[in-house]
Trainee: 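Submitted below is the structure of interest, expressed as structure tokens.
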Amino acid sequence: MTAEEIEARRQEMRHWYWWGVATFFKCPWKEDPAESDIGLIGVPHSTGNGSTERDQHLGPRQIRHVSGRLRRAHQAFQLIPWEACRINDLGDVPLPQAMNNEASVGHIEDFYRLVAEAGCRPVSYGGDHAVSGPILKALAGSRLAAGQKLALVHFDAHRDDYDHMPHWLGAVRSAAHWAAYTVKEGAVAAENSIQLGIRGNPMKPRKDPAESDTGYRVLPADEIFEIGLEKTVAITRERVGSRPIYISIDLDVLDPADAPGVANLEAGYRGLRTWEAIKILHGLRGLDIVGADVVCPMPTVDNPNQITGLTGSVLMFELLSLIADRLRGS
């Protein structure tokens, strides 16, 4: 038996998700962002949202396990993303003070500044939604964003712009605040940003559920269902214009039928189905997406076949494919 014969057997096994060391989509593990066009990053953070379930830090580990099933070609884009550009698993953001939200938010921003300086476009998996704030802060104004503010495309059942509250159970730069402070601090251009899929009952009734104190365009779930996906895409594309874009997907934007294992489950009110979210994402094809994340998974309350984890990996695959498709054409 030769080393070459062993390597041939290894190559035969590379497609099976249960074989080998688990990484995002079975990508190589390379922690230097300069070696990647797209960097897949885990953000194992749970202390930015203490109001419901708290095991969101386990999300990256779950997705590394299940996402190997999705190491495939993208049929709609006629794309094999792994061959179109350099895509590697950069590992997890180190969070040595994981129980301290404010310290961890700072550590996340530090990590992503190095990623942005290297010209690597991050696609991340969380972690609660507090992780998006420091990522946006790090990417805005960077070489990836050509020195500009970012346009945010935010899929969520909740607004996360609760600027009227000084903290969220002690967390200041929390999962409930990030969409507001990133606007106030100049990372996000609210006039070019949009929130999609908001639903459920608020703490206080709003005269207009689409009105935003922060300046976002808001398309609640009910409005999306009324106007349809094609018009939703048109509104989104017009809103973001030519700015560099960051996409953030909170898994609770999806209907519980598709994503039961999420931290802030919004039951009883129709959410986007996965295919509807994918259709909207496909409508953003060709735009300058500099980064993206999928957040708020709760692996410990997912069902036995890990449907929420699988759905999360599908959305992560769509996001990295959007970026790879743009890089292929540039």
Side-chain angles (χ1 to χ4, degrees), residues 1-46 55-74 79-96 98 104 107-108 111-112 114-115 118 120-128 131 135 249 251 261 291-300 302-321 323-324 327:
M1 178 61 61
T2 66
E4 288 76 14
E5 289 172 313
I6 294 294
E7 179 59 27
R9 293 177 183 177
R10 183 178 287 113
Q11 290 303 312
E12 284 190 54
M13 294 299 297
R14 70 186 187 277
H15 296 296
W16 306 109
Y17 87 95
W18 42 264
W19 180 86
V21 177
T23 63
F24 287 120
F25 302 96
K26 295 183 73 69
C27 285
W29 183 283
K30 293 185 178 181
E31 295 185 342
D32 182 357
E35 297 186 44
S36 301
D37 302 307
I38 300 172
L40 309 181
I41 302 170
V43 196
H45 178 66
S46 288
D55 285 341
Q56 294 156 84
H57 61 284
L58 299 177
R61 183 165 289 263
Q62 181 191 33
I63 297 306
R64 285 194 175 94
H65 173 60
V66 302
S67 65
R69 304 185 190 192
L70 270 294
R71 189 179 174 86
R72 301 175 185 174
H74 195 287
L79 168 74
I80 301 176
W82 333 108
E83 297 179 3
C85 53
R86 300 173 301 163
I87 306 176
N88 297 307
D89 189 329
L90 271 58
D92 287 350
V93 179
L95 300 171
S104 294
H107 293 158
I108 293 167
F111 184 94
Y112 280 87
L114 296 178
V115 173
C120 173
R121 299 180 185 229
V123 178
S124 310
Y125 203 91
D128 68 49
V131 309
I135 299 173
I249 303 178
L251 286 166
D293 63 49
V294 180
V295 299
C296 297
M298 271 293 302
T300 52
D302 206 355
N303 62 12
N305 67 2
Q306 301 185 81
I307 188 61
T308 311
L310 289 168
T311 299
S313 63
V314 167
L315 293 175
M316 194 176 183
F317 174 73
E318 292 291 341
L319 292 167
L320 69 87
S321 294
I323 297 174
L327 293 177

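Values in this document were obtained by computation on a predicted structure and should not be read as measured data.
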Trainee: Just jot down the side-chain contact (heavy atoms from CB on, under 4.5 Å) partners of T308, sequence neighbours excluded, or say none.
Mentor: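 Here the qualifying residues are L251, A259, P260, V262, D302.
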Trainee: Taking the side chain as C-beta and beyond, is there a heavy-atom pair between L320 and F25 under 4.5 Å?
Mentor: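 They are in side-chain contact.
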Trainee: Taking only residues two or more places apart in sequence or in another chain, which ones pass side-chain contact (heavy atoms from CB on, under 4.5 Å) with E5?
Mentor: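 If we apply the side-chain contact (heavy atoms from CB on, under 4.5 Å) test to E5, skipping adjacent residues, the hits are M1, T2.
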Trainee: So, for P297 and G126, which heavy atoms are closest and what is the spacing to 0.1 Å?
Mentor: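 That closest heavy-atom pairing would be CG-O, 3.1 Å.
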Trainee: Among residues at least two apart in sequence or on other chains, which ones pass side-chain hydrogen bond (donor to acceptor under 3.5 Å, both in side chains) with R69?
Mentor: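 Expected list: Y17.
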Trainee: Taking only residues two or more places apart in sequence or in another chain, which ones pass salt bridge (Lys or Arg N to Asp or Glu O under 4.0 Å) with R121?
Mentor: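 Listed in chain order: D288.
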Trainee: At their closest point, which heavy atom of F24 faces which heavy atom of G42, and how far apart are they?
Mentor: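 Looks like CE1-N, 3.6 Å.
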Trainee: Tell me, please, which residues at least two apart from D293 pass salt bridge (Lys or Arg N to Asp or Glu O under 4.0 Å).
Mentor: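 D293: no salt bridge (Lys or Arg N to Asp or Glu O under 4.0 Å) contacts found.
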Trainee: Please name all residues satisfying side-chain contact (heavy atoms from CB on, under 4.5 Å) with E31, sequence neighbours left out, ordered by chain then number.
Mentor: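 By the side-chain contact (heavy atoms from CB on, under 4.5 Å) rule, E31 matches W29.
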Trainee: Looking only at heavy atoms, which two atoms of P122 and C120 are closest? And how far apart?
Mentor: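 Minimum heavy-atom separation between P122 and C120: CD-O, 3.3 Å.
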Trainee: Taking all non-hydrogen atoms of both residues, which atom of S46 and which atom of Q56 are closest, and how far apart?
Mentor: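 Shortest heavy-atom separation between S46 and Q56 comes out as OG-N, 3.1 Å.
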Trainee: Got R61 and D92 here, is their nearest side-chain heavy-atom distance under 4.5 Å?
Mentor: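 They are not in contact (no side-chain heavy atoms under 4.5 Å apart), so the answer is no.
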Trainee: How long is the straight-line distance from CZ of R71 back to OG1 of T23, given to the nearest 0.5 Å?
Mentor: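 Between T23 OG1 and R71 CZ, I get 7.5 Å after rounding to 0.5 Å.
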Trainee: Using the test side-chain hydrogen bond (donor to acceptor under 3.5 Å, both in side chains), find all partners of S67 that sit at least two apart in sequence or belong to another chain.
Mentor: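 side-chain hydrogen bond (donor to acceptor under 3.5 Å, both in side chains) check on S67 returns nothing, list empty.
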Trainee: How far does NE2 of H65 sit from CG of L310, to the nearest 0.5 angstrom?
Mentor: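 If I round to the nearest 0.5 Å, the distance is 9.0 Å.
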Trainee: So among I87, I63, L90, which one has a side chain to side chain contact (heavy atoms under 4.5 Å, CB included) with L40?
Mentor: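 Of the listed residues I87, I63, L90, the side chain to side chain contact (heavy atoms under 4.5 Å, CB included) partner of L40 is I87.
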Trainee: Quick one: side-chain hydrogen bond (donor to acceptor under 3.5 Å, both in side chains) partners of S104, sequence neighbours excluded?
Mentor: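 Not a single residue meets the side-chain hydrogen bond (donor to acceptor under 3.5 Å, both in side chains) criterion with S104.
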Trainee: Looking only at heavy atoms, which two atoms of Y125 and P60 are closest? And how far apart?
Mentor: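 Shortest heavy-atom separation between Y125 and P60 comes out as O-CG, 3.4 Å.
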Trainee: Are any of the side-chain heavy atoms of I249 and L319 separated by less than 4.5 Å?
Mentor: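 They are in side-chain contact.
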Trainee: How would you list, by chain and number, every residue that makes a side-chain contact (heavy atoms from CB on, under 4.5 Å) with R10, sequence neighbours excluded?
Mentor: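 Once residues adjacent in sequence are excluded, the partners of R10 under the side-chain contact (heavy atoms from CB on, under 4.5 Å) criterion are I6, E7, W19.
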Trainee: Go through R64 and D89 one step at a time and tell me if the side chain to side chain contact (heavy atoms under 4.5 Å, CB included) criterion holds.
Mentor: CA-CA 9 Å; R64 285 194 175 94; D89 189 329; 2.9 Å; yes
Trainee: Please name all residues satisfying ring-ring contact (aromatic ring centres under 6.0 Å, His included) with H57, sequence neighbours left out, ordered by chain then number.
Mentor: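 Applying ring-ring contact (aromatic ring centres under 6.0 Å, His included) to H57 gives none.
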Trainee: K26: what forms a salt bridge (Lys or Arg N to Asp or Glu O under 4.0 Å) with it, not counting sequence neighbours?
Mentor: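 Partners of K26 under the salt bridge (Lys or Arg N to Asp or Glu O under 4.0 Å) test: none.
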Trainee: At what distance, to the nearest 0.5 angstrom, does CE of M13 lie from NE2 of H15?
Mentor: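 One gets 11.0 Å once the value is rounded to the nearest 0.5 Å.
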Trainee: Which value, rounded to the nearest 0.5 Å, describes the distance between T300 atom OG1 and D55 atom CG?
Mentor: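 If we round to the nearest 0.5 Å, T300:OG1 and D55:CG are 4.0 Å apart.
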Trainee: Measure the spacing between CG of L79 and OG of S321 and express it to the nearest 0.5 Å.
Mentor: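 So the CG of L79 and the OG of S321 are separated by 5.5 Å.
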Trainee: So which of V131, V123, I135, V93 actually passes side chain to side chain contact (heavy atoms under 4.5 Å, CB included) with I41?
Mentor: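 Single side chain to side chain contact (heavy atoms under 4.5 Å, CB included) partner of I41 among V131, V123, I135, V93: V93.
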Trainee: Among residues at least two apart in sequence or on other chains, which ones pass salt bridge (Lys or Arg N to Asp or Glu O under 4.0 Å) with R86?
Mentor: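 Partners of R86 under the salt bridge (Lys or Arg N to Asp or Glu O under 4.0 Å) test: D37.
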